[in-house]
Asks: 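Below you will find the structure I want to go over with you.
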Protein chains: 2
Amino acid sequence: MKPKTRTRAVPTGRPRMEDVARLAGVSLVTVSRVLNTPDAVAAPTRQAVMEAVRRIGYVPNLTAGALAGSRSRIIAAVVPTIANSIFADTVQGLSDRLEGEGYTILLGQTGYDAGRERSLVTAMLGRRPDALMLVGAPLSAATGRLLAAAKIPIVQTWEMVRRPIDHVVGFSNAAAGRVVAEHFVARGYRHVRFVGGADARSKARQAGFDAALRAAGMTPLPAVTVPSPGTLGHGRDALCRVLDEGGPTDALFFSTDVLAIGALLECQRRGIAVPGRLAIAGLGDQDLAREMVPPLTTVRISGLEIGRRAADLLLDAIAGRRGGAQRIDLGVQLIERATT
Amino acid sequence: MKPKTRTRAVPTGRPRMEDVARLAGVSLVTVSRVLNTPDAVAAPTRQAVMEAVRRIGYVPNLTAGALAGSRSRIIAAVVPTIANSIFADTVQGLSDRLEGEGYTILLGQTGYDAGRERSLVTAMLGRRPDALMLVGAPLSAATGRLLAAAKIPIVQTWEMVRRPIDHVVGFSNAAAGRVVAEHFVARGYRHVRFVGGADARSKARQAGFDAALRAAGMTPLPAVTVPSPGTLGHGRDALCRVLDEGGPTDALFFSTDVLAIGALLECQRRGIAVPGRLAIAGLGDQDLAREMVPPLTTVRISGLEIGRRAADLLLDAIAGRRGGAQRIDLGVQLIERATT
DNA sequence: TTGAAAGCGCTAACAG
DNA sequence: CTGTTAGCGCTTTCAA
């Protein structure tokens, strides 16, 4: 035999569809059909193929399938950070809904860094995902262009982005700030301050908070800025700073529950009466907010629900259901507990 | 022209390598080289190609690359759950290390369910990842077989699995239980109990705990079992159960910090003195453990470090560095704080 | 240093 | 209902 068929590309060594076909005595296409559209194959044929699949332990190469077909059945998820973070809930919600539908999640973290976000998004788009979920707005215009050029369904979450790329599932961060401000005003607090990170969502919360205070004829004290992602330690530090300054502050709105709880614990340590001497409110309504002693006043946001709704939206968009870009506002709800 | 070249497969419409090649006036292979092994291409050629890439906004199709080449540059991560979980740290550590090396993370959650784990692993292996990280032992033998047959580097984490598939990065859960038991004994607690889930890691902690107690001549009280994943609520419920039973329990070891903190908060609510009336210890040393009032005695485990080490191991294995299967025990360290 | 062929493993028409 | 054919977009030899 002339070695005309020199193997150029490197075979994987794993069983291929053709191996299954040979064992089952059918053609390769039939195997493909059994795996993808079983109803289009006669029952006996189908069983023979399934049996062959089992015997040789065949695991379909989805990469080859994605290349040949149109769909990759991959959904990309881009979050700022996943550890100790409320975004983990959103990823969970997304993945819970999607796994059952045969999708796999590609996860990436930006660490609130525009450069990292850009290279991350490039890498993810290189996998040709069928859709992509992103927390908030892109950190840079470059990332935004990449995303728009990808021509796949995209859902931005956690904020009602003003100029969304495509779909949005979130809530108004400004409204969240507003309800807390109005609550503080109603409770009679007069020297109130915002504590949060420098990221867009935090800034939006602050803007809504400040605006509502001004509308009530009050002047918000200067905000305290902490690093993102927020930690218990940052919340504690912020509280210390406020206390050290010795101003008249009587209520603090923290951009996240984690920050608020960090501060609340420091108050416990110092024996500062909450809300007697200082009122504290957070955002997120994590489990811990309800369980704290005293339980924390907060704005309820379900990260899980955001993820689920985002998944539903993407599933619909992939299937071509629904018309244009959806814009789902989950709303905000103040949970009044004992710290205010 | 005879329509011999009917387009059977569906083109994506996105720019391809060939488009870049045409614009740059080189062949397709040269573009591939510029992107993968830039040093193998003359500088002027390289620049022309890069410029063309930029102009048409070319994003390489990594799926096609993975199929043609051997490596997918995908690492699969299988965790029980990601929300409110210490495993999120491990995923973060893994992803932090791997993203810089050009890898993308495929994330999947088993929800502590063997069936879900199996289909998840099948789906992931279908993507032909270059390596896979798994928390603990497979939930079923079927999954174990799938994994072993995949013939890719695999690292199991969070426990020193007895018969590992390949590499292991973790600690001895039994040792963790033991150090807590010894600490309880040394402190003079005599009526101690374990609280944890029904999962393997929790059971191992309990076994180590019970064994050390018996070695000290004590008889552990019956363990309290809670659902996995553990929540603050489960910790609280467990405490209530113990209290309702009205036994002589004077110290509780919770399988995770979350459970311990749930219980600790309930103690605060009920005005139960900790450790005066009841001692509490957890496992994980999460931020919150240190910040609690009083700060929680716990076993220090760095989920982040586990993820990082797992990533390093996989990177080495993919590159063919190191010899056989590694087995890294990160050890356990008791952090004595104020709850015991 | 560059290019031409020959696949990687699968799906999508198309025909029978 | 089943098989044949022609790619998906890229990476590899191998040769120049």
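Model, not experiment: these values are computed from the prediction. Quick note on labels: first sequence line is chain A, next is B, and so on, each numbered from 1. Values below: all heavy atoms of this structure, side chains included; hydrogens, waters and symmetry mates excluded.
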Asks: Nearest whole angstrom, please: distance from the C1' of C/dC8 to the CD of A/Glu18.
Replies: 13 Å

Asks: Using only atom types and a distance under 3.5 Å, with no angle test, would you say the side chain of A/Gln156 pairs donor to acceptor with the backbone of A/Ile165?
Replies: yes

Asks: With sequence neighbours excluded, give me every ring-ring contact (aromatic ring centres under 6.0 Å, His included) pair touching residues 121-157 of chain A.
Replies: none

Asks: Name the closest nucleotide to the B/Thr45 side chain, picking from C/dA12, C/dT2, D/dG9.
Replies: C/dT2

Asks: Atom CZ of A/Arg128 and atom P of D/dC8: how far apart are they, to the nearest Å?
Replies: 14 Å

Asks: Which whole-number value in Å describes the distance from B/Arg127 CZ to C/dG9 C1'?
Replies: 14 Å

Asks: Base, sugar-phosphate alone, or nothing: which one does A/Thr63 contact when heavy atoms must sit under 4.0 Å apart?
Replies: nothing

Asks: Given atom CZ of B/Arg22 and atom P of C/dG3, what is their separation to the nearest angstrom?
Replies: 14 Å

Asks: Evaluate A/Arg309 against A/Asp312 for salt bridge (charged side-chain N to carboxylate O under 4.0 Å, His left out), listing each step before the verdict.
Replies: CA-CA 5 Å; A/Arg309 298 294 291 267; A/Asp312 291 341; 5.2 Å; no

Asks: What is the distance, to the nearest angstrom, from the CZ atom on A/Arg16 to the C1' atom on C/dC8?
Replies: 9 Å

Asks: Whether the side chain of B/Asp130 engages the backbone of B/Ser72 through a donor-acceptor N/O pair (distance < 3.5 Å, no angle test) should be reported.
Replies: yes

Asks: Could you check whether B/Asp96 pairs with A/Arg116 (Lys NZ or Arg NE/NH1/NH2 to Asp/Glu carboxylate O, under 4.0 Å)?
Replies: yes

Asks: Report yes or no: does A/Thr90 contribute a side-chain atom to a donor-acceptor pair with the main-chain N or O of A/Leu304 at less than 3.5 Å?
Replies: no

Asks: Between D/dT11 atom C1' and B/Met17 atom CE, what is the distance in whole Å?
Replies: 8 Å

Asks: In whole angstrom, what separates B/Leu62's CG from D/dC10's P?
Replies: 9 Å

Asks: Report the distance from atom CD of B/Gln47 to atom P of C/dT1, rounded to the nearest whole Å.
Replies: 15 Å

Asks: Here's a test of your reading of the structure: between A/Leu67 and A/Ser70, which maps to the more 5' nucleotide of DNA chain C?
Replies: A/Leu67

Asks: Output yes when a side-chain donor or acceptor of B/Thr45 lies under 3.5 Å from a complementary backbone atom of B/Val41, and no otherwise.
Replies: no

Asks: C/dT11 phosphate, OP1 or OP2: any side-chain N/O from A/Asn36 under 4.0 angstrom?
Replies: yes

Asks: Can you list, by residue number, the residues of residues 25-33 of chain A that have a non-hydrogen atom closer than 4.0 angstrom to DNA chain C?
Replies: A/Leu28, A/Val29, A/Ser32, A/Arg33

